[in-house]
Amino acid sequence: MKHKILVTGGAGYIGSHTCIALHQAGYEVVVFDNLSNSSAEAVNRVSQLIDAPIEFIKGDIRDRKALQKVFSEHEFFGVIHFAGLKAVGESVAKPLLYYDNNVSGTITLLDVMSEFSMKRFVFSSSATVYGDPETLPIPENAPRSATNPYGQSKLTVECVLEDLAVADNDWSLVTLRYFNPVGAHSSGIIGEDPNDIPNNLMPFISQVAVGKLEKLSIFGKDYATIDGTGVRDFIHVTDLALGHVAALDYLKEQSGSKEGHSVGFLPINLGTGKGTSVLELVDTFAKVTEQDIPYQFAKRRAGDIASCYASADKAKTLLGWEAKLSIIDMCTDTWRWQSRNPNGYNAS
Ligand code: NAD
Ligand code: WQD
């Protein structure tokens with residue numbers, strides 16, 4: 001029998017790639033998404049890629065009744081919770097929206113799961129919970145802090161999950177802290193499709209390459225890094241997707257074991273463990289795609305840190321997962337998606 005997984009936010013960037021990986025690993029997927037930052041076309045394309053229909057429910061995680069209906073109609077093995085808003089700048093302007101969506105929405109989801117005794121949960125957290133890290137590479141037990149409402153919303157949910165694990169030891173609450181997800185499916189059929197002008201580096205570079213944006217601004221050239229620009233742990237979205245499969249496989253193993261079936265609150269970094277500078281990424285992108293990427297240096301962006309990369313040991317030891325794809329793969333696959341879909345999921 002196939003294990004059925006509820007994927008909230010499954011029409012989004014990471015969710016859509018994870019649906020493919022889940023299907024390929026033998027899981028059945030039900031997508032629940034309000035399409036506030038995505039398009040139903042992404043789900044259609046996933047379905048086309050896996051050559052199978054995908055059940056899609058348009059709904060909001062803050063809508064208790066809608067969730068109750070979903071849980072009463074399906075028997076899930078677990079929930080992967082991607083649904084959330086993720087724009088740091090917007091979160092500063094609209095904190096109530098971010099706390100409502102990301103925190104209240106998650107609490108409603110957990111509450112309905114509890115009502116249906118469904119207590120396996122995989123949460124999309126972020127390296128942002130480490131704030132400005134004291135130690136590099138960053139281990140999971142590093143101190144946590146937040147510098148903006150988006151980051152605070154992720155940190156708050158982590159605290160809710162920790163408290164929940166203490167209160168009820170039936171819960172398995174795997175908290176995956178993503179570093180910097182980039183890239184696209186190798187088919188070029190699905191990828192990242194930001195609304196408006198991208199805030200993140202990779203989609204900005206690829207939109208410069210395709211001629212939608214004129215020039216990249218590199219924020220800061222005097223950080224204490226290899227070349228003065230920021231250093232990040234870029235991770236291919238396909239590797240990230242496989243990290244979710246590894247987390248579920250681990251929960252499957254645990255649920256079959258004698259001694260205990262739940263893992264409590266379990267934070268795990270999903271990163272490569274390697275730092276790459278902004279300039280290195282720009283140069284690699286230009287080389288592998290043979291596109292010119294005009295750039296200028298600009299002042300540091302408020303809230304940015306110099307360097308951030310993961311200790312990826314825990315994921316390897318516990319889940320048997322490690323990132324395999326290179327910066328070259330990340331650039332090649334981003335470009336394949338961007339050049340074939342200059343307007344994202346909107347037909348051009
Ligand atoms: P995304 O915006 O592409 O996907 C999120 C999906 O959730 C979208 O399809 C959106 O429509 C849906 N959604 C939002 N609010 C909802 C609600 N109330 N009810 C139902 N659906 C809702 O973002 P992504 O990059 O795929 O990120 C997925 C998750 O990973 C998010 O929680 C994000 O905070 C987290 N994350 C992302 C990054 C990153 O850089 N992309 C890094 C770390 C963590
Ligand atoms: C990377 C580097 C920038 C754009 C953000 C969120 C974080 C997480 C991932 C969700 C930095 C530089 C960027 C540009 C640039 N998201 N840059 N010019 O800031 O590491 O993380 O996304 O959880 O919470 O904060 O990613 O891609 O925005 O920036 O020079 O136009 O690229 O200064 O050094 P970041 P990013």
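These figures come from a predicted structure and were not determined experimentally.
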Should the heavy atoms of other residues, nucleotides or ligands under 6.0 Å from [atom1] of [X] be counted, would the total exceed 12?
X	atom1	value
Asp51	CG	no
Lys299	NZ	no
Gln296	CD	yes
Ile328	CD1	no

Would you check if [X] and [Y] make a side-chain contact, meaning some heavy-atom pair closer than 4.5 Å?
X	Y	value
Pro194	Asn200	no
Ile61	Thr108	no
Gln254	Ser262	no
Leu35	Lys58	yes
Ser114	Lys119	yes
Met202	Met330	yes
Thr175	Phe265	yes
Ile190	Ile20	yes

Same apolar cluster: [X] and [Y], side chain cutoff 4.5 Å:
X	Y	value
Val237	Ile189	yes
Ile57	Val29	no
Tyr27	Phe82	yes
Phe121	Leu164	yes
Val129	Tyr150	no

Give the C-alpha distance, both sets of side-chain angles, the deciding distance and a yes or no for side-chain hydrogen bond (donor to acceptor under 3.5 Å, both in side chains) between Thr272 and Asp233. CA-CA 6 Å; Thr272 64; Asp233 187 339; 2.6 Å; yes

Nearest 0.5 Å, please: how far is [atom2] in [Y] from [atom1] in [X]?
X	Y	atom1	atom2	value
Leu216	Leu201	CG	CG	6.0 Å
Trp171	Leu161	CH2	CG	8.5 Å
Asp329	Arg336	CG	CZ	9.5 Å
Ile14	Ile80	CD1	CD1	11.5 Å
Phe285	Gln291	CZ	CD	7.5 Å
Asn343	Asn341	CG	CG	9.0 Å

Just say parallel, tilted or perpendicular for the rings of His17 and Tyr13, cut-offs at 30° and 60°. perpendicular

How are the rings of Trp337 and Tyr345 set relative to one another: parallel (under 30°), tilted (30 to 60°) or perpendicular (over 60°)? tilted

State whether Phe297 and Lys221 meet the cation-pi test: NZ (Lys) or CZ (Arg) under 6.0 Å from the six-membered ring centroid, and within 45° of the perpendicular axis.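 Positive - Lys221 is close enough to the ring of Phe297 and near enough to its axis.
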
Given Phe179 and Tyr309, is the ring pair (Phe, Tyr, Trp, His ring centres under 6.0 Å) satisfied, shown in steps? CA-CA 7 Å; Phe179 279 67; Tyr309 49 93; 8.7 Å; no

Decide yes or no on salt bridge (Lys or Arg N to Asp or Glu O under 4.0 Å) for Glu134 and Arg144, but give the supporting numbers first. CA-CA 10 Å; Glu134 283 164 19; Arg144 289 171 295 171; over 6 Å; no

Sort out for me which residue in Leu248, Leu318, Leu251 forms a side chain to side chain contact (heavy atoms under 4.5 Å, CB included) with Val174.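 In the set Leu248, Leu318, Leu251, the residue that makes a side chain to side chain contact (heavy atoms under 4.5 Å, CB included) with Val174 is Leu251.
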
Backbone N or O of Val79 within a donor-acceptor pair of the Arg120 side chain at under 3.5 Å? no

Just by distance, do the side chain of Asp33 and the backbone of Ala11 share a donor-acceptor pair under 3.5 Å?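 Present.
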
Set out, in order, the CA-CA distance, both residues' side-chain angles and the distance that settles side chain to side chain contact (heavy atoms under 4.5 Å, CB included) for Phe234 and Ile327, then state yes or no. CA-CA 8 Å; Phe234 299 100; Ile327 292 285; 4.1 Å; yes

Could you walk me through whether Ile205 and Val282 satisfy the side chain to side chain contact (heavy atoms under 4.5 Å, CB included) test, starting with their C-alpha distance in whole Å, then the side-chain angles of each, then the deciding distance to 0.1 Å, before giving a yes or no? CA-CA 7 Å; Ile205 295 175; Val282 173; 3.8 Å; yes

Salt-bridge present ([X], [Y]; N to O < 4.0 Å):
X	Y	result
Lys154	Glu158	no
Lys316	Asp313	no
Glu192	Lys86	yes
Lys4	Glu75	no
Asp239	Lys324	no

Residue pair Ser125, Val157: steps toward the side chain to side chain contact (heavy atoms under 4.5 Å, CB included) verdict: CA-CA 9 Å; Ser125 190; Val157 170; over 6 Å; no

One pair to check against side-chain hydrogen bond (donor to acceptor under 3.5 Å, both in side chains): Gln152 and Tyr98. What are the steps and the verdict? CA-CA 9 Å; Gln152 188 64 55; Tyr98 272 67; over 6 Å; no

Would you check, one step at a time, whether the test side-chain hydrogen bond (donor to acceptor under 3.5 Å, both in side chains) holds for Tyr178 with Ser124? CA-CA 7 Å; Tyr178 314 153; Ser124 296; 2.7 Å; yes

Show the numbers, then the answer: is there a side chain to side chain contact (heavy atoms under 4.5 Å, CB included) between Thr276 and Val231? CA-CA 5 Å; Thr276 301; Val231 164; 5.9 Å; no

Within the 6.0 Å centroid threshold, strictly below: Phe116 and His74: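 Ring centroids of Phe116 and His74 are no less than 6.0 Å from each other.
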
Thr106 versus His81, side-chain donor and acceptor atoms under 3.5 Å: yes

Pair His185-Asp333, side-chain hydrogen bond (donor to acceptor under 3.5 Å, both in side chains): steps then yes or no: CA-CA 7 Å; His185 190 262; Asp333 291 338; over 6 Å; no

